[in-house]
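Encoded as structure tokens, the structure appears first; notes follow it.
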Amino acid sequence: MYLACGRRRLDLSRPRVMGILNVTPDSFFDGGAHFDPERALDHARRMLEDGADLIDVGGESSRPGATPVSEREELARVLPVVEALAGEGVLVSIDTSKPAVMREAAAAGALMINDVHALQGRGALQVAAQGHAAVILMHMQGAPADMQARPRYTDVVREVRDFLVQRALTCEAAGIVHERIAVDPGFGFGKTKAHNLALLRALPVLAAVGYPLLVGMSRKATIGQITGRDVMDRMAGSLAAALAAVARGARILRVHDVRQTVDALKVWQAVETGADEC
Ligand code: YH5
């Protein structure tokens, strides 16, 4: 299994790690520490040294209550970072829902589009179809401003699966080939702890739809609710969730803690493959 990213292929015969790079002044985790392009690049290079396979560059926070940013501002934040990393041969994902940002980031070398709105915004599908970047289609119920107010599902696994399949088929109809598409249940996006756990347990059902599965649970609220830990203290819980996900078919992990996730995956992989058997 692989994901076609422009002319490159991301080999998914083993699970891959996507490092999160927030180029925002208001991220919960880094608190805007990487807002300056040079500091953002330092952080990206650290994650790559730590074993990240790709870097997800985002210029707008999707958390509830975050201030929306203009297209101009988002471009100013992400483009220098995308350009520098892509210029070094790094596989760059652009985390955006804005078509112009997708287009400009792709022109600057981004080979993946990570859209939490699954290319449903005006013009997004067309821009993605015109290029050759891979696309991550994520499920969300509601909109970031109010999605956690009252998440409701009759059958969360079925509804998420049906949505992802429908979006993937829409993308294919628009000319995005199957090999360029990955899907993501969107942990925490209009979901309670119970919904998130039901989805995690049922990941094999989502993996069976035939597109690579990306999951992002790193340091999210569900980890906090289970462990009783504050966001800065959720790494161990996040690692447990990451391994539970790969054991159920996840192929790309979107994480803050790259070094620790890579180590955990190495151990998991050694167990699975019996690489050094006697
Ligand atoms: C995702 O799951 N998530 S942004 C709140 C947290 C911790 C983390 C307070 N973009 C995803 O990472 N893209 C985000 O604790 C994403 N999948 C994809 N494809 C939210 C986030 C976070 C929010």
Side-chain angles (χ1 to χ4, degrees), residues 3 5 10 16-24 26-31 34 47 54-66 68-69 74 78 92-98 101-102 110 112-120 124 128 133-145 147-148 151 160 163-164 167-168 171 181-193 195-196 199-200 203 206 211-235 237-239 241-242 245 250-258 261:
L3 187 61
C5 309
L10 179 62
R16 298 292 178 170
V17 174
M18 169 192 264
I20 301 170
L21 188 65
N22 294 310
V23 194
T24 58
D26 57 354
S27 160
F28 80 91
F29 182 48
D30 38 44
H34 311 126
M47 291 194 285
L54 65 162
I55 302 292
D56 190 36
V57 179
E60 176 170 48
S61 171
S62 58
R63 73 172 178 189
V69 306
E74 195 176 327
V78 299
V92 175
S93 161
I94 180 71
D95 181 350
T96 190
S97 295
K98 293 188 180 74
V101 178
M102 294 174 188
M112 190 179 293
I113 296 168
N114 175 28
D115 180 7
V116 299
H117 290 102
L119 304 177
Q120 293 175 106
V135 299
I136 311 296
L137 304 173
M138 197 197 81
H139 175 273
M140 164 164 35
Q141 184 181 84
M147 64 190 178
Q148 290 306 105
V160 168
F163 170 84
L164 294 174
R167 287 309 298 161
C171 286
I181 301 172
V183 298
D184 178 346
F187 287 102
F189 286 84
K191 286 144 193 124
T192 63
K193 176 180 113 178
H195 295 139
N196 290 317
L199 284 166
L200 177 52
L203 276 188
L206 300 181
Y211 301 93
L213 256 187
L214 183 147
V215 307
M217 288 183 288
S218 184
R219 294 182 180 262
K220 284 185 180 174
T222 293
I223 307 292
Q225 286 157 4
I226 295 169
T227 58
R229 303 292 183 198
D230 174 77
V231 65
M232 295 311 289
D233 205 10
R234 294 178 186 165
M235 187 176 66
S238 300
L239 293 172
R251 273 307 182 236
I252 306 175
L253 300 171
R254 182 180 179 278
V255 305
H256 300 91
D257 305 290
V258 170
T261 305

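Each ligand, and each atom within it, is numbered from 1 in the order the structure gives. What you see is a predicted model; the values in this text were computed from it and never measured.
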Q. Which atoms of ligand 1 sit under 4.0 Å from any heavy atom of S218?
A. 7 (C), 8 (C)
Q. Any donor and acceptor pair, going by atom type alone, linking the side chain of K191 with main-chain N or O of Q148 inside 3.5 Å?
A. no
Q) Counting each atom of ligand 1 from 1 as listed, which ones have a heavy atom of R219 under 4.0 Å away? A) 6 (C), 7 (C), 15 (O)
Q. Which of these, L200, L199, N196, sits in a side-chain contact (heavy atoms from CB on, under 4.5 Å) with T222?
A. N196
Q) Are any of the side-chain nitrogens in D95 or R254 under 4.0 Å away from the carboxylate oxygens of its partner? A) yes
(Q) How close do G19 and V258 get, counting heavy atoms only, and between which atoms? (A) CA-CG2, 3.8 Å
Q. Which of the atoms of ligand 1 are close to N114, meaning less than 4.0 Å from one of its heavy atoms?
A. 13 (N), 18 (C), 19 (N)
Q.
Judged on heavy-atom distance to atom 2 (O) of ligand 1, which of M217, H139, K220, R254 sits nearest?
A. K220
Q.
Show the atoms of ligand 1 that are less than 4.0 angstrom away from any heavy atom in G216.
A. 2 (O)
Q. Sequence neighbours excluded, which residues qualify as ring-ring contact (aromatic ring centres under 6.0 Å, His included) partners of Y211?
A. H178
**Q.** Interfacing atoms of ligand 1 (cut-off 4.0 Å, heavy-atom, L214)
**A.** 19 (N)
